[in-house]
Amino acid sequence: MTTIANIGQHVGQSVKLQGWLYNSRESGKLLFPIFRDGTGTIQGVAHKAGVPAEVFDALKGLTQESSVIVTGKVREDKRAHGGYELDVETVEVVQRVPEADPYPITLKEHGTDFLMERRHLWVRSPRQSAILRIRAEIMRAAAEYFDSNGFIRTDPPILTPAACEGTSTLFPVDYFGDEAFLTQSGQLYIESTALALGKVYSFGPTFRAEKSKTRRHLTEFWMIEPEVAFMDLDGLLELAENFLSHIVQSVLKNRLPELGVIGRDIEKLKAINAPFPRLRYDEACEMLNQAHKDGHLEAPFEYGNDFGSPDETWLSSQFDRPVMVHRYPADVKAFYMEPDPQDPKFAMCVDVLAPEGYGEIIGGSQRVSSYELLKSRIEHHGLPIDAFQWYLDLRRYGSVPHSGFGMGIERAVAWICGLEHVRETIPFARTLNRIYP
RNA sequence: UCCUGAGUAGCUCAAUGGCAGAGCAUUCGGCUGUUAACCGAAGGGUUGUAGGUUCGAGUCCUACCUCAGGAGCCA
């Protein structure tokens with residue numbers, strides 16, 4: 001059995017392919033069935049005079065997405081899209097899609113709702129398949145970066161007893177009569193394993209019941225989070241830029257055909273190499289104020305606030321590679337972030353904003369290492385201190401400076417693929433109004 | 001939760017308050033190099049739901065439902 005992806009190694013030979021009928025064009029006694037097998041598509045050719053009658057009859061009028069096993073001779077042909085054609089010799093129809101109930105997704109345009117209701121079929125389309133292949137490469141390269149740099153993968157629980165951050169909305173579940181929640185971040189847990197193993201990362205799904213309905217939000221998304229003992233914010237910035245560079249360059253190296261299928265501008269990705277530009281929060285504020293004066297932003301930016309979505313979009317569109325904005329005001333950031341020793345009004349944190357207006361894909365920080373400070377922060381934020389005793393233990397017993405970040409896989413995929421919406425970056429997106437299929 | 005927009009054939013969309021339309025898909029016929037093939041024909045409709053205004057509503061008004069985009073929040 002051969003695959004369409006490596007059909008070029010079989011020019012002049014007869015090969016066997018198993019797959020589906022993607023589309024079919026007919027011109028009298030000449031048939032052009034296009035097959036797909038999950039690795040690509042190839043056009044077949046069948047002359048009525050050149051194939052047995054039963055082969056011609058099986059292909060003539062064959063319905064879209066019928067499953068088939070075909071044999072044929074591979075031929076180079078400049079007229080064909082992939083450069084190769086298959087002169088069909090035999091065909092076995094595994095299952096014929098009935099005319100009375102044709103495959104619903106045609107090659108013409110469809111609306112979002114229609115496609116999302118049929119996501120289980122939509123993933124067959126070349127564009128969606130290409131995106132999922134790139135997603136897989138991003139996940140592989142991300143894990144590879146950490147695995148080959150001394151990190152140990154330690155995945156946190158998905159069922160948790162309490163809010164990790166207390167801010168976002170959580171999905172509650174019944175845990176044998178107790179209330180538990182689906183995790184919204186593994187960070188607190190991997191701080192624990194980082195102090196056990198030194199350099200760790202986690203990789204898994206996270207859940208946020210935010211009623212957000214934008215092109216950047218899913219209620220269930222995948223996050224990869226490194227956490228490193230004895231690492232400060234500067235070390236974290238270096239880690240983030242090297243990590244992202246490795247991922248983008250791996251995609252360019254291993255998924256170039258797929259980037260072509262989805263029409264991604266390759267030049268923009270080639271520019272993604274460390275080091276990345278760095279901006280203090282203050283400097284970013286000045287840029288935003290200037291942008292407002294110049295009429296690029298509607299709302300004036302109020303110093304001291306966190307950036308809004310339009311702010312991030314504008315900032316990130318000013319650079320040809322991800323920009324790392326660091327040292328935000330501590331008041332607008334999470335309780336576990338270490339204050340800047342130079343000026344405790346600022347937090348030792350970083351947001352990495354992807355270029356081309358994609359906004360935040362990474363958020364990270366150096367963590368509070370002082371027991372007393374962390375305890376007062378938890379109390380100040382009105383969080384249940386009992387639920388955080390285990391977390392405070394990390395500061396009781398051999399506390400060290402440590403840092404980590406989280407990257408949302410779907411946002412990274414959306415950026416690297418140049419997509420309009422994150423719903424296409426995951427096989428089955430979970431959004432505010434959709435949990436089917 | 002709030003703001004904005006859209007619901008008409010299986011799909012994508014038209015239709016000044018006055019006969020419900022096209023392309024694609026499906027069916028039938030034609031075509032020996034098609035590239036979302038093309039050409040001819042046929043079938044296909046409770047215009048999201050419930051009220052209201054009007055001689056007359058897909059179109060105007062009210063409520064609701066569904067979807068989409070955005071804000072806040074976030075990765």
Side-chain angles (χ1 to χ4, degrees), chain A residues 22-34 41-51 56 60-61 63-65 77-82 85 87 97-118 125-127 165-169 184-187 205-225 298-299 305-313 332-334 350-354 358-364 405-415 420-423 425-426 431-434:
Chain A
Y22 172 63
N23 189 25
S24 182
R25 288 183 280 264
E26 301 185 359
S27 181
K29 297 180 179 63
L30 191 52
L31 306 180
F32 298 101
I34 300 173
T41 61
I42 187 169
Q43 172 165 285
V45 183
H47 293 261
K48 184 161 193 178
V51 296
F56 190 85
K60 188 171 172 59
T63 43
Q64 194 188 354
E65 285 302 318
D77 195 313
K78 280 200 283 280
R79 293 169 294 190
H81 263 143
E85 280 190 343
D87 287 320
V97 175
E99 279 87 350
D101 187 15
Y103 185 69
I105 300 178
T106 69
L107 274 57
K108 294 278 181 178
E109 286 176 72
H110 298 287
T112 304
D113 190 31
F114 180 83
L115 290 170
M116 288 304 286
E117 281 292 312
R118 291 158 185 80
S125 76
R127 181 179 168 81
E165 300 184 19
T167 53
S168 305
T169 323
Q184 61 179 346
S185 164
Q187 180 202 313
T206 53
F207 307 86
R208 298 198 184 169
E210 294 160 4
K211 301 221 167 166
S212 301
K213 209 165 55 171
T214 79
R215 67 186 67 198
R216 300 178 307 281
H217 286 89
L218 299 172
T219 54
E220 176 180 326
F221 65 97
W222 282 62
M223 194 147 64
I224 188 160
E225 299 175 273
E298 272 184 39
N305 285 352
D306 206 347
F307 300 132
S309 185
D311 302 323
E312 280 186 1
T313 302
V332 299
K333 287 293 181 182
V350 59
D351 282 356
V352 181
L353 311 181
Y358 276 91
E360 184 178 356
I361 54 170
I362 282 179
F405 64 74
M407 182 180 82
I409 293 294
E410 288 73 21
R411 286 189 181 176
V413 177
W415 158 52
E420 281 292 308
H421 200 295
V422 289
R423 67 179 153 235
T425 66
I426 186 169
T431 57
L432 185 56
N433 293 318
R434 192 179 298 283

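Chain naming here is simple, since letters A, B, ... match the order of the sequence lines and numbering starts at 1 in each.
Both key distances under 3.5 Å define a Watson-Crick or G-U pair, and stretches of 3 or more such consecutive pairs in RNA chain B run B:1-7 with B:65-71, B:10-13 with B:21-24, B:26-30 with B:38-42, B:48-52 with B:60-64.
What separates CD1 of A:Ile409 from P of B:rA75 is a distance of 14 Å, to the nearest Å. One can place CD1 of A:Ile42 at 15 Å from C1' of B:rU34, the figure rounded to the nearest angstrom. Spacing between atom CD of A:Glu225 and atom C1' of B:rA75 amounts to 9 Å, rounded to whole angstrom units. As rounded to whole Å, 7 Å separates atom P of B:rG70 from atom CZ of A:Arg216. At whole-Å resolution of the value, CD in A:Glu312 and C1' in B:rG70 are 15 Å apart. Taking atom NZ of residue A:Lys60 and atom C1' of nucleotide B:rG29, one finds them 10 Å apart after rounding to whole Å. With rounding to whole Å, A:His47 atom NE2 is found 11 Å from B:rU34 atom C1'. Rounded to an integer number of Å, the gap from CZ of A:Arg79 to P of B:rU32 is 16 Å.
Of the C1' atoms belonging to B:rG7 and B:rU59, the separation is 14 Å, rounded to the nearest Å. The gap from the C1' atom of B:rA20 to that of B:rA14 amounts to 11 Å, rounded to the nearest Å. Nucleotides B:rC13 and B:rU8 have their P atoms positioned 9 Å apart, rounded to a whole Å. Separation of the C1' atoms belonging to B:rA9 and B:rU34 is 29 Å when rounded to the nearest angstrom. Here, B:rU12 and B:rA25 have their P atoms 15 Å apart, quoted to the whole Å. Comparing the P positions of B:rG5 and B:rC38 gives an interatomic distance of 37 Å, to the nearest angstrom. With P as the reference atom, B:rG10 and B:rG43 are 16 Å apart, rounded to whole Å. For the C1' atoms, the distance linking B:rA50 with B:rC65 amounts to 11 Å, nearest Å.
A:Phe221 is not listed as a side-chain neighbour of A:Ile409, based on a closest heavy-atom distance of 4.5 Å or more. You'll find the side chain of A:Thr206 stays beyond 4.5 Å of the side chain of A:Gln184, heavy atoms only. Put simply, the side chain of A:Arg434 reaches to within 4.5 Å of the side chain of A:Asp113, judged on heavy atoms. Counting only heavy atoms from C-beta outward, the side chains of A:Leu31 and A:Phe56 approach each other to under 4.5 Å. Residues A:Arg118 and A:Ile105 meet the side-chain proximity criterion, which asks for heavy atoms closer than 4.5 Å. Looking at heavy atoms from C-beta onward, A:Arg208 lies in side-chain contact with A:Ser185 at the 4.5 angstrom threshold. Here the side chains of A:Lys333 and A:Asp351 are in contact, with some heavy-atom distance below 4.5 Å. With contacts defined as side-chain heavy-atom distances shorter than 4.5 Å, the pair A:Arg411/A:Val422 qualifies.
Evaluation of atom-type donor-acceptor distances gives a pair under 3.5 Å for the side chain of A:Gln43 against the base of B:rU34. Counting distance only, with no hydrogens placed and no angle test, the side-chain atoms of A:Ser212 and the base atoms of B:rC73 include a donor-acceptor pair under 3.5 Å.
Across all non-hydrogen atoms, the minimal contact from A:Glu360 to A:Gly363 is OE2-CA, 3.8 Å.
Proximity of A:His421 to the phosphate of B:rA68: no side-chain N or O atom is located under 4.0 Å from OP1 or OP2. Listed pair A:Arg434 / B:rA68 meets the phosphate criterion, a side-chain N or O lying under 4.0 Å from OP1 or OP2. Contact annotation: A:Arg423 side-chain N/O to B:rG69 OP1/OP2 distance is under 4.0 Å.
Distances were taken from every side-chain heavy atom of A:Ser309 (C-beta onward) to each of B:rG70, B:rG72, B:rA75; the shortest belongs to B:rG72. When distances are taken from the side chain of A:Asn23 to each of B:rU32, B:rA36, B:rA75, the shortest belongs to B:rA36. Distances from the side chain of A:Asp306 to the nucleotides B:rG72, B:rA36, B:rC74 place B:rC74 closest. Side chain of A:Arg215, nearest nucleotide from B:rA71, B:rG33, B:rG69: B:rG69.
Nearest-nucleotide positions on RNA chain B place A:Ile34 closer to the 5' end than the other of A:Ile34 and A:Met407. Map A:Lys333 and A:Asn433 each onto its nearest nucleotide of RNA chain B; the residue landing nearer the 5' end is A:Asn433.
With sequence neighbours excluded, no residue satisfies ring-ring contact (aromatic ring centres under 6.0 Å, His included) with A:Phe32.
Note on A:Ile362: only backbone sugar-phosphate atoms sit closer than 4.0 angstrom, heavy atoms only; bases stay farther off. Contact annotation for A:Gln64: no contact, since no heavy-atom pair falls under 4.0 Å across all strands. Residue A:Lys213 is in base contact, counting any heavy-atom pair closer than 4.0 Å across all strands shown. Looking at heavy-atom distances under 4.0 Å, A:Gly359 makes no contact with the nucleic acid at all.
In this structure, the aromatic ring of A:Phe221 is positioned over the six-membered ring of the base of B:rA75, centres within 5.5 Å and planes within 30°.
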What's the verdict on side chain to side chain donor-acceptor pair (under 3.5 Å) for A:Arg79 and A:Gln43, showing C-alpha distance, side-chain angles and the deciding distance?
CA-CA 10 Å; A:Arg79 293 169 294 190; A:Gln43 172 165 285; over 6 Å; no
Would you tabulate the nitrogen or oxygen pairs shorter than 3.5 Å linking the protein to nucleotides 9-12 of chain B?
| unit_1 | atom_1 | unit_2 | atom_2 | d |
| --- | --- | --- | --- | --- |
| B:rC11 | O2' | A:Glu109 | O | 3.0 |
| B:rC11 | O2' | A:His110 | ND1 | 2.6 |
| B:rU12 | OP1 | A:Gly111 | N | 2.7 |
| B:rU12 | O4' | A:Glu109 | O | 3.4 |

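Side chain of A:Glu410 to backbone of A:Trp222: a donor-acceptor contact under 3.5 angstrom is found.
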